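Comments concern the structure below.
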Amino acid sequence: MAAVSFACGHGAVAGEPGVVALRRACPVCMLVHETQRSRGELLRRAAPSQRAALAAETRIGAEYDWRCARGHDRYRATIVEQLTGTACAKCRQSAAAPASRAEAGLPFMHPGLRVGTSITEHRLKAMLAERIRLNHRVNAIRIARTFHGRTEVWPDIIVPQLRLTVEYDDPGRTRMAHRGLKAGTDADKDDALREVGWEVIRVRAGGLEALGPNSIVCGRLSSEVVDEVVRRMRRLRGDAAVDALLVSNAR
């Protein structure tokens, strides 16, 4: 098998005899980017003795020992399982415990939450707030499973009175965001919310295909798209429930 060097700097040394140079990132860097993480974050999750090897790793199927963020035992998993899976076995058991199930579906304020939000997501929220009253005191929802090692998810917009969330997706500058494995992660997030009684309306812009029955496919965010979001809310929860949230100038 030929040695390969990648544009990200991983793999074999470029220019050496027999080395094939590829003008793309290695599979690990591509997956890290697609799941909106960093290689540094991945290294911090690994057992200290394995970090040097992981720093140079290019294979997403390679197995490593990982540390649980909640202090549970170390566990063995591939890189793709670590980036797209449900963390350690004890975390999965905790998510299925009676106490966790009792809180499943509960919206709450996560005070330390730091999630990158695009300008368009802020615009969608502002435009929707012109039509219905939004609750700005919640930013997370408990789920009945683990999602990237956590028992909560953080939708772009939460409407707790309707048990609805709104997400905005576009492919970004790379044209790869919310595609491939990231689209699968988005679908898993939606499934986790449906399991606890919530529905998700997704605005899929910039050439992205529908992800589910409540997807709104569009070229870009517009006033008409936001009107369609409200219509979807009516379809899912009824006119009376949505009318109760209308701002005065939207009636």
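Since this is a predicted model, take the numbers as computed values, not measurements.
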Donor-acceptor contacts under 3.5 Å from residues 11-25 side chains, at least two apart:
none

Quiz item: What pair of heavy atoms forms the shortest contact from V229 to V166, and how long is it?
Solution: CG1-CG2, 4.1 Å
Quiz item: Can you check whether M127 reaches L221 side chain to side chain, under 4.5 Å on heavy atoms?
Solution: yes
Practice problem: Using a 4.5 Å cut-off on heavy atoms from C-beta on, say whether the side chain of E209 contacts that of V217. | Solution: no
Exercise. List the steps, then state whether side chain to side chain contact (heavy atoms under 4.5 Å, CB included) holds for V226 with V203.
Key: CA-CA 9 Å; V226 183; V203 177; over 6 Å; no
Quiz item: Which residues satisfy the side-chain hydrogen bond (donor to acceptor under 3.5 Å, both in side chains) test with D191, sequence neighbours excluded?
Solution: R194
Quiz prompt | L106 CG to I143 CD1 distance, which is reported to the nearest 0.5 Å | solution = 13.0 Å
Quiz item: Heavy-atom distance under 4.5 Å between the side chains of F147 and T185, does that happen here?
Solution: yes
Quiz item: So, does R202 use its side chain to make a donor-acceptor pair with the main chain of D190 at under 3.5 Å?
Solution: no
Exercise. Compare all side-chain heavy atoms of N214 with those of E199 and state whether any distance is below 4.5 angstrom.
Key: yes
Exercise. With sequence neighbours excluded, tell me which residues meet salt bridge (Lys or Arg N to Asp or Glu O under 4.0 Å) with D227.
Key: R131
Practice problem: Treat each ILVMFWY residue as a node, draw an edge where side-chain heavy atoms are under 4.5 Å apart, and state whether I60 and M176 are in one component. | Solution: no
Self-check item: G172 to A177 - nearest heavy-atom pair and separation
Solution: N-CB, 4.4 Å
Distance-only check: which donor-acceptor pairs under 3.5 Å involve side-chain atoms of residues 233-240, not counting sequence neighbours?
{"residue": "R234", "atom": "NH1", "partner": "D239", "partner atom": "OD1", "Å": "3.3"}
{"residue": "R234", "atom": "NH1", "partner": "D243", "partner atom": "OD1", "Å": "2.9"}
{"residue": "R234", "atom": "NH2", "partner": "D243", "partner atom": "OD1", "Å": "2.8"}
{"residue": "R237", "atom": "NE", "partner": "L162", "partner atom": "O", "Å": "2.5"}
{"residue": "R237", "atom": "NH2", "partner": "R163", "partner atom": "O", "Å": "3.1"}

Quiz prompt | Verify same cluster id: F108, I158 (apolar side-chain graph, 4.5 Å) | solution = no
Practice problem: With the side chain counted from C-beta on, respond yes when L211 and D186 share a heavy-atom pair under 4.5 Å apart, and no when they do not. | Solution: yes
Quiz prompt | Any residue meeting side-chain hydrogen bond (donor to acceptor under 3.5 Å, both in side chains) with R204, in chain and number order, not counting sequence neighbours | solution = D169
Exercise. Examine I201 and L134 and state if one hydrophobic cluster contains both, with Ile, Leu, Val, Met, Phe, Trp and Tyr joined whenever side-chain heavy atoms are less than 4.5 Å apart.
Key: yes
Self-check item: Side-chain donor/acceptor of W66 to backbone N/O of A77, under 3.5 Å
Solution: yes
Kindly list each side-chain donor-acceptor pair under 3.5 angstrom involving residues 44-53, sequence neighbours excluded, with atom names and distances?
{"residue": "R45", "atom": "NH1", "partner": "Q82", "partner atom": "O", "Å": "3.3"}
{"residue": "R45", "atom": "NH1", "partner": "Q82", "partner atom": "OE1", "Å": "3.0"}
{"residue": "R45", "atom": "NH2", "partner": "E41", "partner atom": "OE2", "Å": "3.0"}
{"residue": "Q50", "atom": "OE1", "partner": "D65", "partner atom": "N", "Å": "2.8"}
{"residue": "R51", "atom": "NE", "partner": "L43", "partner atom": "O", "Å": "3.0"}
{"residue": "R51", "atom": "NE", "partner": "A46", "partner atom": "O", "Å": "3.1"}
{"residue": "R51", "atom": "NH2", "partner": "R44", "partner atom": "O", "Å": "3.4"}
{"residue": "R51", "atom": "NH2", "partner": "A46", "partner atom": "O", "Å": "3.3"}

Practice problem: Specify the closest pair of heavy atoms between A140 and W154, including all atoms of both residues, with the distance to one decimal. | Solution: CB-CD1, 3.5 Å
Self-check item: Pair Q161-N135, side-chain donor/acceptor within less than 3.5 Å
Solution: no
Practice problem: Mind checking side-chain hydrogen bond (donor to acceptor under 3.5 Å, both in side chains) for E228 and listing every partner two or more places apart, or none if nothing turns up? | Solution: R231, R232
Exercise. Could you list the residues that satisfy salt bridge (Lys or Arg N to Asp or Glu O under 4.0 Å) with K125, not counting sequence neighbours?
Key: none
Self-check item: Verify same cluster id: V159, L246 (apolar side-chain graph, 4.5 Å)
Solution: yes
Quiz prompt | With sequence neighbours excluded, residues passing salt bridge (Lys or Arg N to Asp or Glu O under 4.0 Å) with R179 | solution = none
Self-check item: Same apolar cluster (I L V M F W Y, side chains within < 4.5 Å links), M30/I79
Solution: no
Exercise. Just do the side chain to side chain contact (heavy atoms under 4.5 Å, CB included) check on V28 and H10 with the steps written out, would you?
Key: CA-CA 9 Å; V28 171; H10 297 111; over 6 Å; no
Quiz item: Less than 4.5 Å apart, any side-chain heavy atom of P171 and any of L208?
Solution: yes
Quiz item: E167 side chain to D156 main-chain N or O, any donor-acceptor pair under 3.5 Å?
Solution: yes
Quiz item: CG of L245 to CG of L164: how many Å apart, nearest 0.5 Å?
Solution: 9.5 Å
Practice problem: Just grab all the salt bridge (Lys or Arg N to Asp or Glu O under 4.0 Å) pairs involving residues 52-61, residues at least two apart or on different chains. | Solution: E57-R59
Exercise. With sequence neighbours excluded, tell me which residues meet salt bridge (Lys or Arg N to Asp or Glu O under 4.0 Å) with D170.
Key: none
Exercise. Could you tell me whether the side chain of W198 reaches within less than 4.5 Å of the side chain of P107, counting heavy atoms only?
Key: yes
Quiz item: Which atom pair, heavy atoms only, marks the closest approach of A205 to G219?
Solution: CB-O, 4.0 Å
Quiz item: Taking only residues two or more places apart in sequence, or in another chain, which ones meet T120 in a side-chain hydrogen bond (donor to acceptor under 3.5 Å, both in side chains)?
Solution: none
Quiz item: Mind checking whether V153 and L193 have side chains closer than 4.5 Å, heavy atoms only?
Solution: yes
Exercise. Measure the spacing between OH of Y64 and CD of E81 and express it to the nearest 0.5 Å.
Key: 14.0 Å
Quiz item: Looking at A129 and V247, what are the two nearest heavy atoms and their distance?
Solution: O-CG1, 3.7 Å
Practice problem: Could you tell me whether a side-chain N or O of R39 sits under 3.5 Å from a main-chain N or O of A55, the two making a donor and an acceptor? | Solution: yes
